[in-house]
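Heads up: the structure comes next, in structure tokens.
Residue indices begin at 1 and follow the sequence shown. The structure presented is a predicted model; accordingly, all values stated were derived computationally and were not measured.
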Amino acid sequence: MTAVDSDRRERGRRSFADVMTFPAPDDATPAGSGLIDFVYGEIWSRPILSRRDRRFVTLACVAAADAEAPLRDHVYAALNSGDVSIVEMREAVLHFAVYAGWPKASWFNMVVDEQWERIHRDRGQSPPPPEPLLPLITPSDPEVRLLVGEQSFREINCIPYAPIRDNPYSGAGILNFVFGEMWLRPGLGMKERRLITVACVALQDTLIPIISHVYAALKSRDVSFDEMKELALHFAAYYGWPKASHLDQVIDEQHQRVLEEWRAEAAG
């Protein structure tokens with residue numbers, strides 16, 4: 001190992017310990033070396049996206065991949081570091097459930113409970129009682145709730161229309177719950193929800209949702225173009241380069257679309 005390689009390895013090990021809140025493993029295999037040297041030595045320490053931002057992309061990827069040990073480790077690290085609060089983590093699980101599926105989210109939720117208890121046990125403490133459910137800020141009246149969902153759908157997706165209510169999927173699901181409640185819940189910020197959503201739709205190769213959610217994240221300015229490009233790189237490390245290549249292409253296309261719309265709006 002050259003001096004340059006040795007410096008890179010040491011930088012990676014320090015970054016691993018900082019991100020994961022426990023020491024880096026001694027793993028000289030190609031995969032282990034690549035994880036330390038590249039993923040932690042370079043990607044996690046890159047600017048543009050914060051370490052906290054990267055947590056949400058990583059959690060979505062490892063939860064969707066059914067990667068048992070990485071999921072445990074990253075949930076533990078996000079909570080133990082204080083980068084993500086337990087309320088935010090539980091809201092992230094709910095958001096993930098909508099965009100990656102309830103069965104995977106069920107396991108994700110169990111791991112959150114397990115690691116939250118572990119953190120307090122290691123500190124010689126008892127876990128605090130669960131936070132009360134956050135109060136809903138959306139109306140309970142069915143018709144008004146659908147109206148809120150329609151308006152929320154338009155605002156969050158940055159488009160002038162909403163889906164029709166003529167079937168359970170779009171009426172009860174999309175309008176009543178996803179945009180009538182979940183996206184509006186106060187336990188997680190809009191940027192964090194964007195990061196989770198983009199990662200989830202990218203890992204599932206969902207053609208229209210990838211386009212629509214990348215577009216909306218950029219058009220709303222909740223996620224900048226540079227941040228979105230960093231998201232694609234981070235996503236590549238945790239879910240694979242082929243899917244990330246497609247995501248990266250969509251980001252470039254939607255960036256141009258958004259710029260053209262902004263120019264037209266400024267001129268008009």
Side-chain angles (χ1 to χ4, degrees), residues 15-25 35 39-40 43-44 49-137 173 177-178 181-204 213 223 231 234-235 237-239:
S15 176
F16 182 101
D18 182 54
V19 171
M20 301 307 294
T21 72
F22 56 84
L35 178 71
V39 176
Y40 287 94
I43 291 181
W44 274 93
L49 279 181
S50 68
R51 189 178 75 176
R52 171 182 159 84
D53 291 337
R54 294 179 186 277
R55 298 280 192 200
F56 291 102
V57 179
T58 306
L59 288 165
C61 289
V62 295
D66 302 316
E68 184 175 341
L71 178 58
R72 284 195 167 99
D73 287 347
H74 282 287
V75 167
Y76 172 85
L79 292 171
N80 194 45
S81 65
D83 288 343
V84 180
S85 73
I86 186 61
V87 171
E88 290 173 323
M89 184 68 80
R90 296 196 191 285
E91 287 291 328
V93 171
L94 175 61
H95 199 99
F96 173 87
V98 167
Y99 286 99
W102 295 86
K104 289 179 183 289
S106 176
W107 173 244
F108 187 1
N109 192 60
M110 286 189 286
V111 170
V112 170
D113 289 342
E114 169 193 283
Q115 297 306 306
W116 187 236
E117 291 182 7
R118 172 192 169 191
I119 288 167
H120 287 84
R121 184 173 63 249
D122 290 349
R123 296 173 181 176
Q125 302 169 347
S126 298
E131 296 282 341
L133 288 176
L134 294 170
L136 298 183
I137 61 173
F177 177 65
V178 178
E181 178 183 335
M182 189 200 69
W183 274 91
L184 305 177
R185 289 177 62 83
L188 197 60
M190 186 60 69
K191 181 180 183 181
E192 290 77 15
R193 293 187 184 279
R194 299 283 193 193
L195 298 174
I196 295 168
T197 304
V198 170
C200 286
V201 295
L203 60 87
Q204 296 179 87
H213 282 291
V223 183
L231 188 160
H234 199 94
F235 176 88
Y238 282 94
Y239 215 83

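A heavy-atom distance below 4.5 Å is found between the side chains of Arg194 and Trp183. Side-chain contact between Leu188 and Ile196: present, with at least one pair of heavy atoms (C-beta onward) separated by less than 4.5 Å. At a threshold of 4.5 Å between non-hydrogen side-chain atoms, the residues Met182 and Tyr99 count as touching. Taking 4.5 Å as the limit, every side-chain heavy atom of Cys200 sits out of range of all side-chain heavy atoms of His213. Residues Pro128 and His120 form a side-chain contact, since some pair of their non-hydrogen atoms from C-beta on lies under 4.5 Å apart. At a threshold of 4.5 Å between non-hydrogen side-chain atoms, the residues Thr21 and Tyr76 count as touching. Within the 4.5 Å cutoff, the side chain of Thr197 has no heavy atoms near those of the Val98 side chain.
For Phe22, the ring-ring contact (aromatic ring centres under 6.0 Å, His included) criterion is met by Phe16, not counting sequence neighbours.
Taking CG of Asp66 as the reference point, atom NZ of Lys104 lies at 3.0 Å (rounded to 0.5 Å). Taking CG of Leu71 as the reference point, atom CH2 of Trp107 lies at 7.5 Å (rounded to 0.5 Å). Rounding to the nearest 0.5 Å gives a distance of 11.0 Å between CG of Asn109 and CE of Met89. The line from CG of Leu203 to CZ of Phe235 is 5.0 Å long, rounded to the nearest 0.5 Å.
Ion pairing of Glu88 with Arg55 is absent here, as no side-chain N (NZ or NE/NH1/NH2) approaches a carboxylate O to less than 4.0 Å. Ion pair Glu114/Arg118 not flagged as a salt bridge, since none of the NZ, NE, NH1 or NH2 atoms sits closer than 4.0 Å to an Asp/Glu carboxylate oxygen.
Of all heavy-atom pairs spanning Ala17 and Pro23, the tightest one is CB-CA, 4.5 Å. The two residues Ile43 and Ala237 have their closest heavy-atom pair at CD1-CB, 3.6 Å. Residues Ala63 and Phe96 share a closest heavy-atom pair of CB-CZ, 3.6 Å. Nearest approach of Leu49 to Arg54, heavy atoms of both residues: O-NE, 3.5 Å. The minimum heavy-atom distance linking Ser81 with Ala78 is given by the pair OG-O, 3.1 Å. Summarising the geometry of Ala65 relative to Tyr239, their closest heavy-atom pair is CB-CE1, 3.8 Å, with the distance given to 0.1 Å.
The aromatic rings of His74 and Trp44 lie parallel to each other, their planes meeting at an angle below 30°, with 60° marking the opposite boundary.
Among Leu79, Val75, Asn80, the single residue meeting the side-chain contact (heavy atoms from CB on, under 4.5 Å) criterion with Trp116 is Leu79.
The backbone N or O of Leu94 lies less than 3.5 Å from no partner atom in the side chain of Arg185, so there is not a single donor-acceptor pair.
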Test log, rule side-chain contact (heavy atoms from CB on, under 4.5 Å), inputs Val84 and Glu192: CA-CA 11 Å; Val84 180; Glu192 290 77 15; over 6 Å; no
Residue pair His95, Phe56: steps toward the ring-ring contact (aromatic ring centres under 6.0 Å, His included) verdict: CA-CA 11 Å; His95 199 99; Phe56 291 102; 10.0 Å; no
CA sep, side-chain torsions, deciding dist, call: Asp18, Tyr40, side-chain contact (heavy atoms from CB on, under 4.5 Å): CA-CA 10 Å; Asp18 182 54; Tyr40 287 94; over 6 Å; no
